[in-house]
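Read through the structure below, which is laid out as structure tokens, and then see the notes.
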Amino acid sequence: MEMKQSKFKRICVFCGSSPGKKSSYRESTIELGMELVSRNIDLVYGGGSIGLMGLISQAVFDGGRHVIGVIPKTLMPREITGETVGEVKAVADMHQRKAEMARQSDAFIALPGGYGTLEELLEVITWAQLGIHDKPVGLLNVDGYYNSLLSFIDKAVEEGFISPNARHIIVSAPTAKELVKKIEEYEPQHERVASKLSWEIEQLGYPAKCEISR
């Protein structure tokens, strides 16, 4: 496998704990894992070993990169089945899970998934809009899975609920290789609303030395 140098040390991947009905979802997940490995990027994810979550973690681990799974203690019996690879970080709740995943990562990518994936994705987009971080947010739009979400966001821009500059927070592509290249080249265009550090301390409970911001 050809190795390329990346400016990212770790990327957080949001994805489903189900495999989905199409084989292309599973294939694209493995391709993303291989792309991270080829660029010497470690993985941060939600800590499960089933569905797309299990596929991405196994692909990155098998490629020799470090894997960090962040999971609430209450979900461990339900989400972790079979052999879990890499480092598992147990946290108290979902709020801490998202904060820890964000803190550990240099960028975010969402694969196909359900409510949980959407919630995680939209939260990090909102954090970027507020100026809490300036890390890239990528959408791996496998077989047009996220077309309707992107159309909704375009409609929100058209109706004046999202600024045109904030629309550029989301970087999307149909393949892993193209998406990682795009997030490598990402430059924020939107205006920040809040102070990164003050929001972190007040809302996430992290001390100044544990920054979510870049």
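Just so we're clear, the structure is a prediction, and the values are computed from it rather than from any experiment. Excluded from the calculations below are hydrogen atoms, water molecules and symmetry mates; all remaining heavy atoms, backbone and side chain alike, are included.
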Judged by atom type as modelled, is there a donor-acceptor pair below 3.5 Å linking the side chain of [X] to the main-chain atoms of [Y]?
X    : Y    : value
D42  : H66  : yes
R39  : K7   : no
S57  : G54  : yes
R97  : G46  : yes
K98  : E123 : no
H133 : V124 : yes
Y115 : L118 : no
R65  : N40  : yes

Can you name the residues that form a side-chain hydrogen bond (donor to acceptor under 3.5 Å, both in side chains) with [X], not counting sequence neighbours?
X    : answer
E187 : none
K181 : E185
E158 : none
E184 : S6

Applying side-chain contact (heavy atoms from CB on, under 4.5 Å), can you list everything that pairs with [X], at least two apart in sequence or on another chain?
X    : value
D143 : K22, S24
E178 : A173, P174, T175, K182
T117 : F14, A110, Y146
S148 : none

- Query: Which pair of non-hydrogen atoms, one from I56 and one from C15, has the smallest distance, and what is that distance?
  - Reply: CG2-SG, 4.1 Å
Is there a side-chain contact between [X] and [Y] in this structure, where contact means two heavy atoms from C-beta onward sitting under 4.5 Å apart?
X    : Y    : result
L32  : V180 : yes
Q96  : D93  : yes
S172 : L150 : yes
I68  : V70  : yes
R10  : L43  : no

- Message: For K135, is there an ion pair with D106 - N to carboxylate O distance below 4.0 angstrom?
- Response: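 Looking at K135 together with D106, the answer is no, because their closest N to O distance does not fall below 4.0 Å.
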- Item | Stepwise side chain to side chain contact (heavy atoms under 4.5 Å, CB included) check, I11 with I183 | CA-CA 11 Å; I11 288 182; I183 66 172; 3.9 Å; yes
- Task: Using salt bridge (charged side-chain N to carboxylate O under 4.0 Å, His left out) as the criterion, list what pairs up with E87, not counting sequence neighbours.
- Result: K89
- Message: My understanding is that only residues two or more places apart in sequence, or in another chain, count here; which of them pass salt bridge (charged side-chain N to carboxylate O under 4.0 Å, His left out) with K9?
- Response: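 For K9 there are no salt bridge (charged side-chain N to carboxylate O under 4.0 Å, His left out) partners, ignoring immediate neighbours.
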- Qualifying salt bridge (Lys or Arg N to Asp or Glu O under 4.0 Å) pairs with a residue from residues 51-63, counting only residues at least two apart or across chains: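 As it turns out, there is no salt bridge (Lys or Arg N to Asp or Glu O under 4.0 Å) pair with a partner in residues 51-63 once direct neighbours are skipped.
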- Residues which pass ring-ring contact (aromatic ring centres under 6.0 Å, His included) with Y145, listed by chain and number, not counting sequence neighbours: Y25
